[in-house]
**Q** 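Following this message is one structure expressed as structure tokens.
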Amino acid sequence: MREFHKRSVVKAICWRALATLTTMAVVFLFTKQLTLAFEIGAVEVVVKILLYYGHERLWNRIGWGKLQHPLAALAVTRELEPEHMDEIEARLRELGYL
Amino acid sequence: MRFLRRRRKRNACAGGLDGVPHGLLKRLAETGVMPRTAQIVEGGGLRQMRASLPPISSVSWSCFMTGANPAEHGIFGFTDADPETYRLRFPTFTDLAAPTFWDRLGERGLRSAVINQPATYPAREIPGALVSGFVALQLAKSVWPRDHLPPLERMGYRIDVDSRKGRDDPDGLLADLESTLDTRRKAAAYFWDREHWDYFQLVVTGTDRLHHFLWNAVVDQHDPRHDRTMAYYRAVDELIGDIWDRFHQGRSADDEGQGFLLLSDHGFGAVRRDVRLNAWLQESGYLHYEKDEPESVADISPASRAFVLDPGRVYLNVKGRFGRGSVEPADAQALRDEIASGLGELTFEGDKVIARVFTREQAYRGPKFDQAPDLVAIGADGFDLKGTTKAKDVLAETYFQGMHTWDDAFVWSRLPVPDDPEISQLAEVIEQWLSP
């Protein structure tokens with residue numbers, strides 16, 4: 001099943017909020033500099049949210065590994081059965097074509 | 001990436017009104033029955049359009065969806081006769097020998113959502129989604145991809161009305177028309193939101209059914225069912241308006257109408273008499289049967305020189321072309337001229353019965369030219385041509401009130417539609433717009 005753009009956008013925002021807060025926490029733990037942690041977080045949140053969205057949409061076009069509806073790939077391309085031809089004839093007669 | 005591409009790419013939307021003549025649409029728009037349609041067409045662009053030859057839905061819509069001549073796509077009518085046995089067969093979507101423009105758009109990465117398209121049964125894969133229309137039998141075989149089937153079933157989607165009601169229960173037919181149109185509206189809303197389409201198309205076929213059985217009520221304001229038929233047209237107008245509004249959401253005023261089309265596949269008019277052309281051929285000595293009560297052209301005798309398939313397709317029974325052929329190829333031209341001339345002389349109460357007779361050279365071009373009928377007759381106003389073999393009288397009254405007409409289908413678009421348009425020319429117009 002394909003995803004709508006808005007679902008990808010919401011997922012991107014949720015994940016970015018979680019990941020950026022994690023990045024900021026790690027930077028603060030290593031440097032003890034709150035300003036630096038916010039600056040890195042601010043740059044990262046913009047760049048990576050765009051990358052994430054593009055990455056999602058790209059993967060959305062790849063069918064590999066996706067669970068599809070069990071009937072999704074069944075094309076009906078064969079000739080109709082004779083009884084169906086009889087039914088078509090009846091429909092055409094109802095409308096006066098025959 | 002798709003989300004970037006969609007922003008800069010154009011899209012298009014077509015609304016098909018099966019069997020709505022140019023004159024009727026214009027009148028309904030001008031008299032306030034179809035106010036939304038009136039708003040759409042008031043700036044110009046509404047044109048009379050020629051349907052296919054013959055002017056029936058399976059051929060005309062096949063011409064529309066392929067942009068090809070019948071001798072290219074191979075659909076010449078609702079029926080074909082097997083050249084060896086003369087048994088009738090009913091061409092389906094699997095017989096369509098040319099790609100649809102949805103297929104061609106798909107090669108450029110564009111997707112189509114097509115709902116209730118006649119002559120696409122059984123549904124096959126297209127780049128996008130397809131719901132087949134008339135003569136679709138089972139919904140399960142009318143939907144591509146199949147994962148749209150459960151939602152359509154849940155909304156109670158109906159492929160068609162019960163046409164049997166047309167004869168005995170006209171009020172029941174009207175109720176069917178209303179409820180079926182309602183499911184078209186639901187299906188349109190569903191696919192509009194669910195499918196990532198570049199081209200969207202919805203065909204309303206109820207208009208054709210209404211005209212077949214209740215044409216008099218549509219055109220005669222004193223008819224007791226006139227108001228209800230107008231109410232149906234108001235509902236069709238609301239649906240057109242709804243799709244127009246959806247299409248224009250988020251667009252600038254400069255873009256209004258760009259990429260939007262309205263069209264019909266043939267016109268309609270009142271019936272005076274059915275014209276059974278096989279009875280005329282028999283009466284004129286061109287057609288003989290092996291049985292007193294022939295079921296179809298499969299019962300013709302080898303002495304036959306010509307036969308007709310619905311509605312006005314004349315085939316010469318030429319040796320080498322048909323299993324029981326009797327006409328020498330060298331004599332075919334003279335025989336064809338003779339039959340065309342005889343058809344032109346048919347009259348009823350002083351009026352000509354046949355408006356025009358086209359030769360296959362005038363009507364067809366393409367690799368399937370040899371399978372084309374030798375002549376295609378078009379009935380004059382009021383004369384509905386039939387290919388039945390079961391009738392003895394050439395002219396007869398009928399319970400049908402409306403008949404197809406050839407030269408007064410319509411198209412409305414602000415795209416560059418050619419002058420004096422013909423339905424097969426619209427595919428290229430749409431493709432040019434979507435992928436210039």
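Labels below follow one simple rule: chain letters A, B, ... track the order of the sequence lines, proteins then strands, and each chain is numbered from 1. On a predicted model such as this, the values are computed, not experimentally measured, just so you know.
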**Q** Between B:Tyr121 and B:Gln138, is there a donor-acceptor pair closer than 3.5 Å when you use the side chain of the first and the backbone of the second?
**A**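 It does hold such a pair.
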**Q** Which bit of B:Asp160 is near chain A, if near means a heavy-atom gap under 4.5 Å: side chain, backbone, both or neither?
**A**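 Neither; nothing under 4.5 Å.
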**Q** Compute the centroid of each ring, for A:His84 and then for B:Phe90, and state whether the two points are separated by less than 6.0 Å.
**A**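 No, the ring of A:His84 stays outside the 6.0 Å limit from the ring of B:Phe90, centre to centre.
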**Q** Checking heavy atoms, do the side chain of B:Phe78, its backbone, both or neither come under 4.5 Å from chain A?
**A**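 Both backbone and side chain of B:Phe78 come within 4.5 Å of chain A.
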**Q** Search all heavy atoms of B:Phe213 against all heavy atoms of B:Phe400 and return the closest pair with its distance.
**A**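 Shortest heavy-atom contact: CE2-CE2, 3.4 Å.
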**Q** Given heavy-atom pairs under 4.5 angstrom as the criterion, report whether the side chain, backbone, both or neither of B:Phe134 touches chain A.
**A**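 Only the side chain of B:Phe134 comes within 4.5 Å of chain A.
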**Q** Tell me which donor-acceptor pairs under 3.5 Å the side chains of residues 24-40 of chain A have, and how far apart each pair is, sequence neighbours excluded?
**A**
unit_1  : atom_1 : unit_2  : atom_2 : d
A:Thr31 : OG1    : A:Val27 : O      : 2.7
A:Thr31 : OG1    : A:Gln33 : N      : 3.1

**Q** How would you list, by chain and number, every residue that makes a ring-ring contact (aromatic ring centres under 6.0 Å, His included) with B:Phe307, sequence neighbours excluded?
**A**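 B:Tyr86, B:Tyr315, B:Phe322.
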**Q** Against chain A, label B:His404 side chain, backbone, both or neither, depending on which of its atoms sit under 4.5 Å from a heavy atom there.
**A**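 It is the side chain, since no backbone atom gets that close.
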**Q** Which region of B:Thr79, side chain (C-beta onward) or backbone (N, CA, C, O), has a non-hydrogen atom less than 4.5 Å from a non-hydrogen atom of chain A, or is it both or neither?
**A**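 Only the side chain of B:Thr79 comes within 4.5 Å of chain A.
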